[in-house]
2 protein chains.
Amino acid sequence: MDKKKIRIKDIAQLAGVSVGTVDRVIHKRGRVSDEALEKVLKTLHEIDYKPNLIARTLGSSKTYRIAALIPDPSLDEYWHQSFQGINHAQEEWAQYDFRLETFFFNLYDRNSFKKVAEAVLESEPDGVLISPVFYHEVLPFFELLKDRNIPYVLFNTNIPEVQPLTFIGQDLFESGKVGAELLHLQQKGAGTFAILHINENSLNSVHLLEKEKGFKEYFRENAPDARVLVLELNSQEEASVEKAIGMLLQNTELAGILVTTSKGASLVSDMLQAHGKDSIRLVGYDLLEENIKYLKAGIIDFLINQNPKRQAFLGISHLANYLLLRKEPPQQDLFPLEIITKQNLRSYLESGIH
Amino acid sequence: MDKKKIRIKDIAQLAGVSVGTVDRVIHKRGRVSDEALEKVLKTLHEIDYKPNLIARTLGSSKTYRIAALIPDPSLDEYWHQSFQGINHAQEEWAQYDFRLETFFFNLYDRNSFKKVAEAVLESEPDGVLISPVFYHEVLPFFELLKDRNIPYVLFNTNIPEVQPLTFIGQDLFESGKVGAELLHLQQKGAGTFAILHINENSLNSVHLLEKEKGFKEYFRENAPDARVLVLELNSQEEASVEKAIGMLLQNTELAGILVTTSKGASLVSDMLQAHGKDSIRLVGYDLLEENIKYLKAGIIDFLINQNPKRQAFLGISHLANYLLLRKEPPQQDLFPLEIITKQNLRSYLESGIH
DNA sequence: TAAAAAAATGTGTGCGCACACATAGCAAAT
DNA sequence: ATTTGCTATGTGTGCGCACACATTTTTTTA
């Protein structure tokens, strides 16, 4: 049971070479004779050598620089929470020589993203954390990162084909199913259920479409005779969106509504109250201030928490671990679909990062 | 923006003393003149010095030993999951010189706990992780640990008055409220709701009583005319417990049942099926295999996840951080009350430690 | 066959800290 | 006045690794 720490020195002794040679073998720096190579590899294999990551980082003392690309947090509470996660990670890793540079772009302006992406490349970071909102604009960016051998971590939205270091977020298809289930709970009979995409550019709708698919799939499986309505309300003017929601509420006898965008739920809550229809079940996303208010008031029945703060936090952590300690992160880090109600809300607000 | 790393050496230079003196001041080893002390403290205050924890651990290379005291995992799936968390933590911290020694006791035998506690003391660990099931037996144990200056971390059940290094777990009062809410969702009218304590020694019932209080509180606040039944079924023989449940089901028109012990829910599920009463809403605790089965089958409607694996994992991590890196953990680490349904179940099973 | 070039191998140093140990300074005891 | 016995202060070393550099061995070339 006494597994003493094996050092490079020990390996060297066992293999009958010097530490320098062992070092060269471990780091594949070449300049080693076949004979020595074999000896070292052999003992390296026999003894299960694990380098002391602590000592490793001590010596180098290189300052790593991570760039984080997210939508402007001052314009959107959801992204503000992501930003908090990034800042939290920075504190957590302050020990080490890390410089975290955050780049903001406008969520509704693909050109702003392009510009910012360029700036990131110019800054020559050692790693990148990004929420790839603009699919088409992001692809060439990843190409360039790949060329420069800069690892990148995706969060919030996944694009598996660009082979990021890792992805952090939720399974949005499953998320749509959970949303549907929460609307359908204890709803006897068929009824009509609506899924609303509000105020999100349709360009980055992969996101929303996944939820929609899951939503439909749930009813197909569990209540085939339920009616499913899909509405996409993309107008920039709030008034026209409100009007559309109003019409929906007047003309249709709804059993429940799922709002796929985190900001949309409060708008729908307003309308439900205005039309005296707050018995309609409403499910939204994320612990935004407004959403919390309506959840407490009983207008919103459930929120699905995407935990943006933790997503960003873990994104940075995975990068830091990879760069600093050479720890490979898992292929993807899928978060559970957290269901928030009036009663367990507090436990979520009070608990730290989970 | 360029905050170069400040080392002890720098402090020494600024204060006009040697590193040795600075070291003595930092570690309060005494043997420093008032004059020098003041100088060092002053610069130490001006410059915000943060020791490099990495370098600190490198030098010492002391082997820390942590003792974990938990109920025998081979007898109980819930504790098995805790055990997994402990093992996971061990892997995570394998880097460092850690030895994790796990001590098991019988959940139903206070004497076995006493014996094990003694063994722990004899092993002279540097830190202790424990789930304090037996309140009275555990108090003198903590006294002894305090005498010996051994830090201890509690998880699962809290005993704030013994002032542990930290506590990790859930707010059980809130948990009872959430359980009640889940039973009451969309239940029009008053109805009768039962809370069942099954097969848990009443000795460690602080646990269960807290949930019960929250349960009652919910109905007091939200449905004062609902009827609340409390049943405690402590018999060792399963048959007699089943009989009691059967009688309950036959004689009472129930709207919902909350089972406070993780193992109890599957028993109740059985009985609900046997009596053809599976429309009664059932809420239980934790992702035990049996519970998962009944949740998928729709007999159990919701599970509240206590996340024993993560509890234990974080317990060890907090201890390790404290011992190795001298990081003070938060006073308590409260977990959110996770609601599991048929639809989001998979996301919880697939996600790693969250 | 000697000299030069190239390849293989070995040695030394620093990273920042903790701690053991060495030395300086200074007062009390002889 | 010299020694002893303190305290205050300074110096040196090791932790395990990475990497620069020095040295040895082998190969090539004249």
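Just so it is clear: chains get the letters A, B, ... in the order the sequence lines come, proteins before strands, and each one is counted from 1.
Here the nucleotide nearest the side chain of L58(A), chosen from dA8(D), dG10(C), dC15(C), is dC15(C). Checking dC17(C), dT9(D), dA7(C) against the side-chain heavy atoms of I8(B) singles out dC17(C) as nearest. Considering only the side chain of R29(A), dC19(D) comes nearest among dT9(D), dC19(D), dC17(D). Closest approach to the A55(B) side chain among dC19(C), dA7(C), dG16(C) is made by dG16(C) (side chain taken as heavy atoms from C-beta onward). Distances from the side chain of V19(A) to the nucleotides dC17(D), dT11(C), dA8(D) place dT11(C) closest. Ranking dC19(C), dG10(C), dT9(D) by closeness to the S18(A) side chain, first place goes to dG10(C).
Residue D10(B) contributes atom CG, which lies 9 Å from atom P of dC17(C) at whole-angstrom precision. The interatomic distance linking E35(A) (CD) with dT9(C) (P) rounds to 7 Å, in whole Å. If you take CG of N52(B) and P of dC15(D), they are 18 Å apart, rounded to a whole angstrom. Atom pair K9(B):NZ and dG10(D):P shows a separation of 15 Å (rounding to whole Å applied). Taking atom CD of residue Q95(B) and atom C1' of nucleotide dC17(D), one finds them 13 Å apart after rounding to whole Å. When the C1' atom of dG10(C) is taken as reference, atom NZ of K39(A) falls 13 Å away, rounded to whole Å. If you measure from atom NE2 of H27(A) to atom C1' of dC17(D), you get 8 Å, rounded to the nearest angstrom. Atom CZ of R326(A) is separated from atom C1' of dG16(D) by 14 Å (rounded to the nearest Å).
Across all strands shown, D23(A) has heavy atoms under 4.0 Å from base atoms, whether or not it also approaches the sugar-phosphate. Looking at heavy-atom distances under 4.0 Å, R24(A) makes contact with a base. Residue contacts shown for R7(B) are limited to sugar-phosphate atoms, with no base heavy atom under 4.0 Å away.
The side chain of R31(B) contributes an N or O atom lying less than 4.0 Å from OP1 or OP2 of dT7(D). Phosphate contact (OP1/OP2 of dA8(D), side-chain N/O of T21(B), threshold under 4.0 Å): absent. The side chain of R56(B) places no N or O atom within less than 4.0 Å of a non-bridging phosphate oxygen (OP1 or OP2) of dG16(C). Contact annotation: S33(A) reaches the phosphate of dT9(C) (side-chain N/O to OP1 or OP2, under 4.0 Å). Between Y49(A) and the phosphate of dC17(D), there is a side-chain N or O to OP1/OP2 separation shorter than 4.0 Å.
Between K5(A) and D10(A) no salt bridge is recorded (no basic side-chain N to carboxylate O distance below 4.0 Å).
The number of heavy-atom neighbours closer than 6.0 Å to CD of Q331(A), taken from other residues, nucleotides and ligands shown, is 12 or below.
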Go through the steps for V153(A) and I168(A) under the test side-chain contact (heavy atoms from CB on, under 4.5 Å), then give the verdict. CA-CA 8 Å; V153(A) 168; I168(A) 298 145; 3.8 Å; yes
Give the C-alpha distance, both sets of side-chain angles, the deciding distance and a yes or no for side-chain contact (heavy atoms from CB on, under 4.5 Å) between N52(B) and R7(B). CA-CA 8 Å; N52(B) 183 330; R7(B) 303 153 302 171; over 6 Å; no
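Side-chain atoms of Y348(A) and N307(A) include no donor-acceptor pair closer than 3.5 Å. Residues Y322(A) and D126(A) bring no donor and acceptor atom of their side chains to less than 3.5 Å of each other.
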